Chemist: 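I have a structure here, written as structure tokens, and I will follow up with some questions on it.
Quantities reported herein were computed from a predicted structural model and do not represent experimental measurements.
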Amino acid sequence: MKKTIIFYLNNDEIFTFPIALFLIKKLSFKYNIKIKLANTSIRKKIKIILIFILDGSINYLFKYYNKKKSIDELLSFKNVDLITEDNNNKFEFGISLNYPNRILNKKLNIYNFHLGDFTNQRGTFIFFYKYIFKWKSIDFTFHKINDKLDSGKIINKRKIILKKINSINLIALTLKNKDFYLKSIFLLNKKKKSRYKKKIIGPLNKEPSFFRIL
């Protein structure tokens, strides 16, 4: 009998659903998959679009918009379902993909993919803080969620060198590193000791105000 896992997904057809669909195609033979959706707030969406406009990268958005995926495509697999509650403790584990809300299920081992180094970029809006701090590289991190934001045990990590890049293409790095998602999830079945030492946890980069963005 197949085990069941849960995907916590941002209700986003451009950057989240394509990754989820890729993973479903690779994992549905092994797992039953439940999907729990959450929406990014209107306030945050406005800030994101404002940064895209000020960065001059809004036109690049259409390139990825044309490759968007719908929730219906994700649910077209017979063993994939949409749920509203996640209090079932029979899930094998949970995976968070750009999920905009805090996950409160304490009974489940949940893992998150995070674009950013824990010593520099905890939190969101990496495409904004990249310009503030002028980072030359970032980490793509797969870690276990704990009580503090972006500070759990690191399961896998990939360093990405940043050349001149706009906000849209920075976010789209996740789409260009789909293999990292799959390789990281497969590591959960291996009982090897993590090769990543506990790192210093840096400050939290919170959602910037409209004033700071402008």
Side-chain angles (χ1 to χ4, degrees), residues 5-29 31 33-83 95-101 111-116 121 123-131 135 137-142 158-185 207-208 210 213-214:
I5 61 175
I6 179 171
F7 282 177
Y8 294 87
L9 303 183
N10 188 354
N11 194 0
D12 154 45
E13 297 182 330
I14 302 176
F15 296 109
T16 305
F17 288 178
I19 296 167
L21 182 60
F22 168 78
L23 291 176
I24 287 170
K25 288 179 178 179
K26 299 294 184 180
L27 297 173
S28 59
F29 78 96
Y31 298 106
I33 300 172
K34 306 297 182 182
I35 294 176
K36 189 169 188 289
L37 295 179
N39 294 304
T40 300
S41 69
I42 297 297
R43 182 184 179 89
K44 186 173 182 178
K45 286 181 179 179
I46 293 173
K47 289 180 180 179
I48 293 171
I49 292 173
L50 181 59
I51 291 171
F52 290 167
I53 293 172
L54 294 174
D55 179 49
S57 61
I58 190 68
N59 290 335
Y60 288 81
L61 183 60
F62 294 101
K63 170 185 175 182
Y64 300 103
Y65 180 84
N66 291 331
K67 298 179 181 180
K68 67 179 182 177
K69 303 298 179 183
S70 69
I71 187 64
D72 289 337
E73 290 179 83
L74 274 59
L75 298 176
S76 65
F77 293 78
K78 63 180 181 179
N79 58 328
V80 178
D81 300 299
L82 197 62
I83 61 173
I95 297 293
S96 172
L97 298 176
N98 304 324
Y99 198 69
N101 297 341
Y111 302 87
N112 180 52
F113 289 92
H114 174 70
L115 199 58
Q121 175 57 30
T124 60
F125 281 82
I126 186 173
F127 48 90
F128 173 77
Y129 287 106
K130 185 265 182 187
Y131 291 101
W135 293 320
S137 66
I138 57 173
D139 284 347
F140 195 10
T141 306
F142 180 59
R158 174 176 290 179
K159 186 174 183 178
I160 301 174
I161 303 300
L162 296 177
K163 297 181 180 180
K164 188 176 181 181
I165 190 171
N166 60 43
S167 298
I168 291 289
N169 287 329
L170 180 57
I171 296 174
L173 286 174
T174 56
L175 299 174
K176 296 178 180 179
N177 285 271
K178 288 180 182 177
D179 65 305
F180 178 77
Y181 288 89
L182 193 61
K183 290 176 181 177
S184 297
I185 292 173
E207 181 179 320
F210 283 105
I213 291 172
L214 295 171

Chemist: What are the two closest heavy atoms between Leu37 and Ile35, and how far apart are they?
Modeler: CD2-CG2, 3.8 Å

Chemist: I would like to know whether Ile5 and Ile185 meet side-chain contact (heavy atoms from CB on, under 4.5 Å); could you show each step before the answer?
Modeler: CA-CA 11 Å; Ile5 61 175; Ile185 292 173; 5.9 Å; no

Chemist: Show every donor-acceptor pair shorter than 3.5 Å between a side-chain atom in residues 13-25 and any protein atom, with sequence neighbours excluded, or say none if there are none.
Modeler:
unit_1	atom_1	unit_2	atom_2	d
Thr16	OG1	Asp12	OD2	2.8
Thr16	OG1	Asn98	ND2	2.9

Chemist: Under a 3.5 Å distance rule, please check whether Asn79 uses its side chain to pair with a backbone N or O of Ser28 as donor and acceptor.
Modeler: yes

Chemist: List the steps, then state whether side-chain contact (heavy atoms from CB on, under 4.5 Å) holds for Leu50 with Leu214.
Modeler: CA-CA 9 Å; Leu50 181 59; Leu214 295 171; 3.9 Å; yes

Chemist: Are the side chains of Leu74 and Ile33 in contact, using a 4.5 Å heavy-atom criterion?
Modeler: no

Chemist: Sequence neighbours excluded, which residues qualify as salt bridge (Lys or Arg N to Asp or Glu O under 4.0 Å) partners of Lys34?
Modeler: Asp81

Chemist: Under the criterion side-chain contact (heavy atoms from CB on, under 4.5 Å), I'd like the reasoning laid out for Asn59 against Ile168: C-alpha separation, chi angles, the key distance, then a yes or no.
Modeler: CA-CA 9 Å; Asn59 290 335; Ile168 291 289; over 6 Å; no

Chemist: My understanding is that only residues two or more places apart in sequence, or in another chain, count here; which of them pass ring-ring contact (aromatic ring centres under 6.0 Å, His included) with Tyr181?
Modeler: Phe113, Phe140

Chemist: Can you tell me how far apart CZ (Phe125) and CD1 (Ile171) are? Round to the nearest 0.5 Å.
Modeler: 9.0 Å

Chemist: Hey, could you give me each pair passing side-chain hydrogen bond (donor to acceptor under 3.5 Å, both in side chains) that has a residue in residues 45-56? Not counting sequence neighbours.
Modeler: Lys47-Glu207, Asp55-Ser57, Asp55-Tyr131, Asp55-Ser167

Chemist: Give the C-alpha distance, both sets of side-chain angles, the deciding distance and a yes or no for side-chain contact (heavy atoms from CB on, under 4.5 Å) between Thr174 and Leu97.
Modeler: CA-CA 10 Å; Thr174 56; Leu97 298 176; over 6 Å; no

Chemist: Taking only residues at least two apart or on different chains, which pairs with a member in residues 161-184 satisfy salt bridge (Lys or Arg N to Asp or Glu O under 4.0 Å)?
Modeler: Arg158-Asp179, Asp179-Lys183

Chemist: Does Lys44 have more than 12 heavy atoms from other residues, nucleotides or ligands lying within 6.0 Å of its NZ?
Modeler: yes

Chemist: Looking only at atom types and distance, does a side-chain atom of His114 sit under 3.5 Å from a main-chain N or O of Gln121, one as donor and one as acceptor?
Modeler: yes

Chemist: Residues in ring-ring contact (aromatic ring centres under 6.0 Å, His included) with Tyr99, at least two apart?
Modeler: Tyr8

Chemist: Looking only at non-hydrogen atoms, find the nearest pair between Ala38 and Asn101 and report the distance.
Modeler: CB-ND2, 3.3 Å

Chemist: If the plane angle is over 60° it's perpendicular, under 30° parallel, otherwise tilted; pick one for Phe62 and Tyr65.
Modeler: perpendicular

